[in-house]
Amino acid sequence: MATKKTATPKEISPKEKMIQDLTSTLTGALVSLKESLGEKKFEKRIKKAAKILGEGIKPAPAKKVAGKNPAAKKSTKKAATEADIAKKNPVKKAAKVSTQK
(Lines give C-alpha, C1' and ligand atoms only; values in the text may rest on other atoms or scores of the structure.)
Protein backbone atom coordinates (compact mmCIF):
# COMPACT_ATOMS: atom_id res chain seq x y z
CA MET A 1 0.00 0.00 0.00
CA ALA A 2 1.32 3.45 -0.86
CA THR A 3 2.32 5.69 1.97
CA LYS A 4 1.36 9.30 1.97
CA LYS A 5 4.21 11.79 1.88
CA THR A 6 3.94 14.67 4.27
CA ALA A 7 4.50 18.07 2.78
CA THR A 8 7.56 19.83 4.08
CA PRO A 9 7.03 23.49 4.87
CA LYS A 10 8.48 25.63 2.11
CA GLU A 11 10.83 28.42 3.10
CA ILE A 12 9.56 31.84 2.16
CA SER A 13 11.88 33.82 -0.05
CA PRO A 14 12.99 37.24 1.22
CA LYS A 15 11.06 38.96 -1.54
CA GLU A 16 7.81 37.15 -0.66
CA LYS A 17 8.30 37.93 3.01
CA MET A 18 8.81 41.61 2.21
CA ILE A 19 5.62 41.65 0.11
CA GLN A 20 3.68 40.07 2.99
CA ASP A 21 5.05 42.71 5.37
CA LEU A 22 4.09 45.51 2.98
CA THR A 23 0.61 44.04 2.56
CA SER A 24 0.00 43.88 6.29
CA THR A 25 1.33 47.43 6.81
CA LEU A 26 -0.81 48.89 4.01
CA THR A 27 -3.88 47.01 5.21
CA GLY A 28 -3.54 48.49 8.70
CA ALA A 29 -2.91 52.00 7.40
CA LEU A 30 -5.76 52.15 4.90
CA VAL A 31 -8.75 50.95 6.92
CA SER A 32 -11.01 53.76 5.66
CA LEU A 33 -10.28 52.80 2.04
CA LYS A 34 -11.23 49.21 2.83
CA GLU A 35 -14.67 50.34 4.00
CA SER A 36 -15.34 52.40 0.87
CA LEU A 37 -14.06 49.89 -1.73
CA GLY A 38 -15.16 46.63 -0.27
CA GLU A 39 -13.13 43.60 0.87
CA LYS A 40 -12.38 41.98 -2.50
CA LYS A 41 -11.34 45.13 -4.42
CA PHE A 42 -9.30 46.37 -1.48
CA GLU A 43 -7.32 43.13 -1.11
CA LYS A 44 -6.65 43.02 -4.85
CA ARG A 45 -5.36 46.61 -4.93
CA ILE A 46 -3.24 46.19 -1.81
CA LYS A 47 -1.65 43.07 -3.28
CA LYS A 48 -0.77 44.93 -6.50
CA ALA A 49 0.59 47.94 -4.61
CA ALA A 50 2.79 45.74 -2.39
CA LYS A 51 4.13 43.91 -5.44
CA ILE A 52 4.99 47.19 -7.19
CA LEU A 53 6.60 48.68 -4.08
CA GLY A 54 8.71 45.60 -3.45
CA GLU A 55 9.78 45.21 -7.07
CA GLY A 56 12.77 47.55 -6.97
CA ILE A 57 14.15 46.37 -3.65
CA LYS A 58 16.74 43.63 -3.90
CA PRO A 59 18.33 41.85 -0.97
CA ALA A 60 21.96 42.63 -0.19
CA PRO A 61 24.39 40.02 -1.52
CA ALA A 62 25.89 37.72 1.07
CA LYS A 63 29.33 38.74 2.22
CA LYS A 64 32.10 36.26 1.72
CA VAL A 65 34.05 35.50 4.84
CA ALA A 66 37.72 35.09 4.12
CA GLY A 67 39.03 32.24 6.20
CA LYS A 68 42.64 32.05 7.24
CA ASN A 69 44.54 29.49 5.24
CA PRO A 70 48.05 29.07 6.59
CA ALA A 71 48.96 26.60 3.84
CA ALA A 72 48.41 29.27 1.20
CA LYS A 73 50.74 31.68 2.98
CA LYS A 74 53.44 29.07 3.26
CA SER A 75 53.27 28.16 -0.40
CA THR A 76 53.61 31.77 -1.53
CA LYS A 77 56.48 32.33 0.86
CA LYS A 78 58.22 29.22 -0.40
CA ALA A 79 57.75 30.25 -4.02
CA ALA A 80 59.20 33.67 -3.25
CA THR A 81 62.27 32.20 -1.60
CA GLU A 82 62.96 29.90 -4.55
CA ALA A 83 62.77 32.88 -6.88
CA ASP A 84 65.17 34.82 -4.66
CA ILE A 85 67.65 31.95 -4.67
CA ALA A 86 67.50 31.76 -8.46
CA LYS A 87 68.28 35.49 -8.67
CA LYS A 88 71.19 35.27 -6.27
CA ASN A 89 72.77 32.19 -7.86
CA PRO A 90 72.16 32.33 -11.59
CA VAL A 91 72.88 29.14 -13.51
CA LYS A 92 75.98 29.51 -15.69
CA LYS A 93 75.89 28.17 -19.19
CA ALA A 94 78.40 25.52 -20.06
CA ALA A 95 81.32 26.72 -22.17
CA LYS A 96 81.43 25.44 -25.70
CA VAL A 97 84.15 22.92 -26.16
CA SER A 98 85.65 22.77 -29.58
CA THR A 99 86.83 19.38 -30.69
CA GLN A 100 89.15 20.24 -33.52
CA LYS A 101 92.17 18.06 -34.26
Side-chain angles (χ1 to χ4, degrees):
M1 190 165 197
T3 58
K4 220 177 202 186
K5 291 184 179 179
T6 57
T8 57
K10 203 179 207 184
E11 285 190 30
I12 298 173
S13 71
K15 188 173 183 177
E16 287 180 27
K17 186 177 181 195
M18 184 177 45
I19 289 173
Q20 288 176 354
D21 291 343
L22 284 169
T23 303
S24 64
T25 305
L26 289 173
T27 302
L30 302 172
V31 176
S32 61
L33 184 62
K34 186 176 184 178
E35 293 170 1
S36 65
L37 283 177
E39 183 75 28
K40 194 172 184 179
K41 283 185 180 179
F42 178 76
E43 290 297 324
K44 193 173 185 180
R45 290 181 184 188
I46 290 293
K47 196 181 247 188
K48 283 183 182 180
K51 188 174 182 180
I52 290 170
L53 285 172
E55 195 171 285
I57 301 171
K58 295 182 181 178
K63 293 183 179 179
K64 293 183 180 179
V65 179
K68 293 183 179 179
N69 190 355
K73 289 183 180 180
K74 288 181 182 178
S75 64
T76 55
K77 192 173 183 180
K78 184 178 179 182
T81 56
E82 288 175 3
D84 292 337
I85 292 170
K87 286 180 184 177
K88 290 179 184 175
N89 301 324
V91 178
K92 294 181 182 178
K93 292 183 179 180
K96 291 185 180 180
V97 180
S98 61
T99 54
Q100 293 179 352
K101 287 189 176 182

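Note that the numbering runs from 1 along the sequence shown for the chain.
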Partner set under side-chain contact (heavy atoms from CB on, under 4.5 Å) for Ser36, not counting sequence neighbours: Leu33
Sequence-distant partners of Glu11, side-chain contact (heavy atoms from CB on, under 4.5 Å), two or more places apart: none
Interatomic distance, Met18 atom CE to Thr23 atom OG1 [nearest 0.5 angstrom]: 10.5 Å
Separation of Gln20 CD from Lys47 NZ (nearest 0.5 Å): 10.0 Å
At their closest point, which heavy atom of [X] faces which heavy atom of [Y], and how far apart are they?
X: Leu37; Y: Arg45; value: CD2-NH1, 3.5 Å
X: Gly28; Y: Val31; value: O-CG2, 3.3 Å
X: Ala49; Y: Leu26; value: CB-CD1, 4.2 Å

Transitive ILVMFWY side-chain link Ile19 to Leu30, under 4.5 Å: no
